[in-house]
Amino acid sequence: MNERCDVAIVGGGPVGAALALALRGNDLKVVLLEAREAKINTTDPRALALAYGSRLLLQRLDAWPAIPNVSGIREIKVTQKGSRGHTTLRAEELNVPEMGYVLPYTALHAALQQALHQSDICCLYGAAVSELNTAHGCATLTYQHQGTQHQLDARLAVVADGGKLLEAAHPPQITDYGQSGLIAHVNCTQARAGMAFEHFTAQGPMALLPYLDGYELVLTAAHQKAEEMLTWDDTTFLAFLQTHFGDRGCDTLLAQPADCGSSRLAAPPAPGGYATPCRSGVGAFTAIGKRSCFPLRLKRAPDLTFPHTILIGNAAQTLHPVAGQGFNLGLRDAWELAQVILDHAPDNIGSAAMCKTYRDARRLDRNAGIRFTDGLVRLFSNDLPLLGPMRSAALSLLDHLPLAKKFVARRMMFGANG
Ligand SMILES: Cc1cc2nc3c(=O)[nH]c(=O)nc-3n(C[C@H](O)[C@H](O)[C@H](O)COP(=O)(O)OP(=O)(O)OC[C@H]3O[C@@H](n4cnc5c(N)ncnc54)[C@H](O)[C@@H]3O)c2cc1C
């Protein structure tokens with residue numbers, strides 16, 4: 001006889017954990033299965049930009065107060081390398097205290113887990129799910145735990161595993177941008193608290209997210225180039241970064257020194273080769289922490305639902321991190337799914353009608369998030385001759401259209417359903 005539950009969540013990453021929390025205290029039997037042994041993942045180096053709307057959801061999940069050292073974003077400067085077009089999004093123009101926040105993935109994850117431990121949710125760590133089958137009116141999960149194989153029947157299985165379990169049977173649609181994301185913490189001489197930078201270059205976007213005494217850097221480049229950049233010594237890397245970022249972000253945009261204006265990913269000058277450093281709006285980059293690399297692709301599951309099964313978070317869609325939308329979208333998946341589950345009688349959880357209600361509820365926000373992110377990468381990451389001036393003009397135009405700016409900023413903060 002298999003064990004039974006109402007909702008089984010495969011994957012205790014931030015999205016799966018958020019769903020479990022949103023279902024707590026409702027007399028439902030919810031089981032969360034997480035493959036990792038350790039309760040807290042201490043190794044993932046990425047920082048996340050969290051939208052203001054996500055903060056509101058995390059507050060409702062009682063996870064927000066437990067996140068230490070969060071840095072707020074009050075302004076986002078968007079610029080394009082080699083052009084003067086730019087726009088700035090400001091929290092004060094949107095009547096919110098902050099547009100978003102920067103925090104380590106591990107801190108978010110730990111806070112969600114802490115809230116989970118104080119709840120009635122059954123969490124199994126070191127429980128790797130190896131199979132998901134649907135028959136006899138339920139989903140049956142096979143998992144290994146403490147050296148033994150178990151089976152669990154669930155009215156609904158929610159796959160929040162980042163996109164592995166169902167990949168072979170239901171291959172996702174993949175757009176390979178040919179890019180990797182290089183991340184690291186950087187320090188500079190004029191860090192501006194609360195100001196984030198999104199800088200588009202022909203090789204891909206780069207972001208500086210304000211965090212503590214400096215910035216979390218996300219720099220995109222072709223896979224091979226990014227791998228090569230991991231091997232550079234700090235001085236060489238910092239010199240490159242100074243050139244790549246150029247003088248963007250200054251209140252008054254300055255004429256660029258010759259080596260700052262190139263749209264090519266120039267080879268770095270010899271270490272110490274800068275007599276006059278470029279002016280970046282953050283001063284000179286002075287130190288860099290450990291660098292790591294992630295391959296960047298758009299992956300989208302062809303279907304969000306199967307009988308008694310729903311995909312959420314990265315299992316449903318994995319986005320390029322250009323606009324910091326991946327987790328924010330996944331959190332909204334989790335929140336809306338919890339509302340749909342709680343709106344249905346227990347007998348109808350996992351039914352075809354319930355799955356359709358969820359699919360319909362997420363269509364607009366999901367498609368908008370995918371299109372927005374993919375469009376940004378395609379439009380801004382190339383050096384086609386006519387596109388450069390058009391992009392520059394578009395950024396400047398946006399800067400003078402308060403309603404359009406508000407629309408873009410609200411989409412980033414709350415999604416298309418917000
Ligand atoms: C460089 C980079 C920067 C990013 N920056 C941002 C940002 O600024 N803002 C933003 O919103 N998003 C950002 N993202 C995206 C964000 O990290 C993801 O959207 C988010 O981590 C997705 O969470 P998830 O819970 O769906 O999946 P994951 O974080 O992948 O978690 C999946 C979990 O499932 C577990 N699991 C896997 N297989 C099984 C199995 N068979 N059985 C049981 N458990 C299993 C795993 O151990 C893991 O804990 C960034 C991503 C990258 C790569």
Side-chain angles (χ1 to χ4, degrees), residues 8-20 31-41 43-51 53-55 57-58 73 76 100-106 108-109 112-113 123-132 141-145 150 152 157-168 179-184 196 198 204-209 211 216-220 226 291-299 301 311-334 369 373 412-413 415:
I9 303 171
V10 183
V15 172
L19 172 64
V31 179
L32 182 143
L33 303 128
E34 166 55 47
R36 279 193 308 259
E37 287 289 347
K39 289 193 177 172
I40 292 171
N41 170 12
T43 54
D44 197 305
R46 83 187 77 166
L48 297 179
L50 215 73
S54 295
R55 173 201 169 143
L57 292 182
L58 291 170
I73 301 176
I76 305 176
Y101 305 87
V102 184
L103 68 170
Y105 175 95
T106 48
L108 169 70
H109 200 211
L112 287 164
Q113 289 194 330
C123 299
L124 295 178
Y125 294 94
V129 176
S130 53
E131 254 181 74
L132 192 169
L141 298 166
T142 305
Y143 66 96
Q144 317 293 321
H145 190 230
H150 300 258
L152 173 66
V158 181
V159 181
D161 68 337
K164 297 178 190 82
L165 186 62
L166 299 181
E167 244 184 50
Q179 291 178 337
S180 289
L182 185 150
I183 59 171
E198 185 75 54
M206 76 168 260
L208 288 175
L209 306 171
Y211 188 62
E216 294 300 322
L217 167 71
V218 185
L219 178 81
T220 49
R291 282 164 260 160
S292 314
C293 241
F294 292 82
L296 303 177
R297 295 186 300 176
L298 164 62
K299 272 200 324 186
L311 279 64
I312 61 171
N314 270 23
Q317 66 276 318
T318 303
L319 307 183
H320 191 295
V322 55
Q325 291 294 299
F327 170 69
N328 293 296
L329 187 57
L331 182 60
R332 296 196 294 272
D333 288 348
T373 305
M412 288 173 71
M413 286 191 297

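Heads up: numbering here begins at 1 and tracks the sequence. Heavy-atom basis, side chains included; hydrogens, waters and symmetry copies ignored. As the structure lists them, so they are numbered: ligands from 1, and atoms in each ligand from 1.
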Which ligand 1 atoms are under 4.0 Å away from a heavy-atom of [X]?
X	value
Ala128	42 (N)
Gly162	27 (O), 30 (O), 32 (C)
Arg36	47 (O), 48 (C), 49 (O)
Ala49	7 (C), 8 (O), 9 (N), 10 (C), 11 (O)
Ala127	42 (N), 43 (C)
Val15	23 (O), 24 (P), 25 (O), 26 (O)
Gly13	25 (O), 31 (O), 33 (C), 49 (O)
Gly313	26 (O)

Report the part of [X] in contact with ligand 1, treating N, CA, C, O as backbone and CB onward as side chain, heavy atoms under 4.0 Å; options are side chain, backbone, both, neither.
X	result
Ala17	neither
Leu33	backbone
Ser54	neither
Tyr105	side chain

Within the structure provided, determine whether [X] and [Y] are in side-chain contact (heavy-atom separation under 4.5 Å).
X	Y	result
Glu198	Pro205	yes
Pro14	Leu331	no
Val31	Leu141	no
Val158	Val10	no
Leu112	Leu58	yes
Pro104	Tyr211	yes
Phe294	Asp44	yes
Val159	Leu166	yes

contact_flag [X] ligand 1 heavy-atom lt 4.0 Å:
X	result
Ala18	no
Gly330	no
Pro14	yes

To the nearest 0.5 Å, how far apart are [atom1] in [X] and [atom2] in [Y]?
X	Y	atom1	atom2	answer
Leu319	Gln325	CG	CD	7.5 Å
Asp161	Glu167	CG	CD	8.5 Å
Met412	Ile76	CE	CD1	4.5 Å

Which residue owns the protein heavy atom closest to [atom], what's the atom, and how far is it?
atom	value
atom 4 (C) of ligand 1	Pro321 CB, 3.6 Å
atom 13 (C) of ligand 1	Leu48 CD2, 3.4 Å
atom 42 (N) of ligand 1	Val129 N, 3.0 Å
atom 44 (N) of ligand 1	Ala35 N, 3.0 Å
atom 17 (O) of ligand 1	Arg46 NH1, 2.6 Å
atom 37 (C) of ligand 1	Asp161 O, 3.3 Å
atom 1 (C) of ligand 1	Phe294 CD1, 3.7 Å

Please report whether ligand 1 has a polar contact with [X], defined as an N or O pair separated by less than 3.5 Å (distance criterion only).
X	answer
Phe327	yes
Gly324	yes
Glu34	yes
Ile183	no

- [ ] Please identify each residue that fulfils side chain to side chain contact (heavy atoms under 4.5 Å, CB included) with Ala35, with sequence neighbours left out.
- [x]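 Once residues adjacent in sequence are excluded, the partners of Ala35 under the side chain to side chain contact (heavy atoms under 4.5 Å, CB included) criterion are Ala128.
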
Task: Residues which pass side chain to side chain contact (heavy atoms under 4.5 Å, CB included) with Asn314, listed by chain and number, not counting sequence neighbours - done: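 Side chain to side chain contact (heavy atoms under 4.5 Å, CB included) check on Asn314 returns Thr318.
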
Between the main-chain N or O of [Y] and the side-chain N or O of [X], is there a donor-acceptor pair closer than 3.5 Å?
X	Y	answer
Asn328	Ala49	yes
His320	Gly326	no
Ser292	Ile183	no

Open item on the list: Considering Leu19, Leu329, Asp333, Asn314 one by one, which has a heavy atom nearer to atom 26 (O) of ligand 1 than any of the others?
Closed with: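 Minimum heavy-atom distance to atom 26 (O) of ligand 1 goes to Asn314.
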
